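I have placed the structure first, in the form of structure tokens, so that the comments after it can refer back to it.
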Amino acid sequence: MINDLIQIAKEAGGIIRNAHGTRFSVEVKSDNLKNLVTEIDKKSEKTIIDFVRKKYPSHNILAEEGGEHKSSSEYLWVIDPLDGTTNFAHGLPIFSVSIGIQYKDETIAGVVYDVMRDVLYSAEKGSGAFENGKRINVNSNDNIAESLLVTGFPYNVAENPEKVFERFIEMLKVARAVRRLGSAAIDFCYVANGVFDGFWEVHLNPWDICAGKLIVEEAGGKVTDFNGNPISIFNKTILSTNGKIHDKMIELLNKV
Ligand code: IPD
Ligand code: CA
Ligand code: CA
């Protein structure tokens, strides 16, 4: 199935890349004015779902733009057809396609395709993580003061949910620097390949987490909630690190 994942993520990514810099319709989602969806999100999702329906007609599907398919199958495809829609809508070239496959509630394979860099991150449970086919690992930095961290903010950020502002300030003070890229799936992959030492975020969705979590774990990293507890893809709060600065980040996140 990993080859199918790679093929379809690249195909969907090609649609997005071709649309980058052109005109396309942008709508605001009803739940929040900051939350956008473009016609390209929908095109990408349709391409992926059509593929799954054709090749694996019995499998369940959970996709961000509403493409749900429920059956009694033990397989579940978890799809973010365009992660980083705000970047894409504004022409900032940082966005991805993220697809994970679960079997009996456990993620067995995942891919994240960084569309504009044409970089494909992939992992199968127990077989390591890869960037364009080359094995990747988290870095070994154990000093928070030398860490490059990344985070993201939920669309209802103005309400300061889960003390996002205070937590951001705490990290900013202690780490070497904190970034906000705008694609959670890419954030995970940059932890996996050792660029980032840690990533935290609240209010994520299963399609933001599914593939990225497996890729980090297969690269030797750690993914938990803010208390260090194991999480499923349905947890909203994630802390993902190289493992070495995990406890320090838990301490800082819980300081506020
Ligand atoms: C968003 C991105 C962003 C994160 C948001 C997500 P979307 O996904 O991953 O980095 O901060 O919480 O919702 O809406 O572009 O698919
Ligand atoms: Ca997303
Ligand atoms: Ca999305």
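First listed ligand is number 1; within each ligand, the first listed atom is number 1. As the structure is a prediction and not an experimental result, all values here were calculated from the model.
Interface of D80 with ligand 1, defined as ligand atoms under 4.0 Å from a residue heavy atom, comprises 16 (O). Which parts of ligand 1 touch R180 is read off a 4.0 Å heavy-atom cut-off, strictly below it: atoms 3 (C), 10 (O), 11 (O). Residue A184 approaches ligand 1 through these ligand atoms, each under 4.0 Å from one of its heavy atoms: 2 (C), 9 (O), 10 (O).
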Original post:
Do E201 and T151 pass the side-chain hydrogen bond (donor to acceptor under 3.5 Å, both in side chains) test, and can you show the C-alpha distance, the side-chain angles, and the key distance before you say yes or no?
Top reply: CA-CA 6 Å; E201 187 157 353; T151 189; 5.3 Å; no
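Here the two rings, on Y75 and Y56, have centers that are 6.0 Å apart or farther.
Ring pair F153/F165 is tilted by interplanar angle, where 30° to 60° counts as tilted. Between F196 and Y190, the two ring planes are perpendicular [angle over 60°; tilted spans 30° to 60°].
Residue Y155 places a heavy atom less than 4.0 Å from ligand 1. Within the structure, ligand 1 has L82 among the residues with a heavy atom less than 4.0 angstrom away. Proximity of H203 to ligand 1 is not established, as no heavy-atom distance is less than 4.0 Å.
Any N or O atom pair closer than 3.5 Å counts here, and T85 shares at least one such pair with ligand 1. For ligand 1, the polar-atom distance check finds an N/O of S183 within less than 3.5 Å of one of the ligand's N/O atoms. Ligand 1 has a nitrogen or oxygen under 3.5 angstrom from a nitrogen or oxygen of G84. Here's the thing with E201: one of its N/O atoms is less than 3.5 angstrom from an N/O atom of ligand 1.
I238 and V138 fall within a single hydrophobic cluster, where Ile, Leu, Val, Met, Phe, Trp and Tyr side chains are chained together by heavy-atom contacts under 4.5 Å.
At the top of the distance list for atom 10 (O) of ligand 1, counting protein heavy atoms only, stands G182 C, 2.9 Å. Here the protein heavy atom with the shortest distance to atom 8 (O) of ligand 1 is D83 OD1, 3.0 Å.
The minimum heavy-atom distance linking D225 with L239 is given by the pair O-CB, 4.0 Å. Looking at every heavy atom in both residues, Y113 comes nearest to V119 through CD1-O, 3.5 Å.
Sorted by first then second residue, the salt bridge (Lys or Arg N to Asp or Glu O under 4.0 Å) pairs that include residues 77-105, not counting sequence neighbours, number zero.
Salt-bridge annotation for D50 and R53: absent, with no side-chain N of the basic residue lying under 4.0 Å from a carboxylate O of the acidic one. Taking a cutoff of 4.0 Å between a charged side-chain nitrogen and a carboxylate oxygen, E251 and K255 do not qualify as a salt bridge. Salt bridge status for R135 with E218: absent, with no side-chain N to carboxylate O gap under 4.0 Å.
Side chains of Y121 and N132: a donor-acceptor N/O pair is absent below 3.5 angstrom, by distance only.
Note on the Ca ion (ligand 2): protein N/O/S atoms under 3.0 Å are D80 OD2, D83 OD1, D208 OD1.
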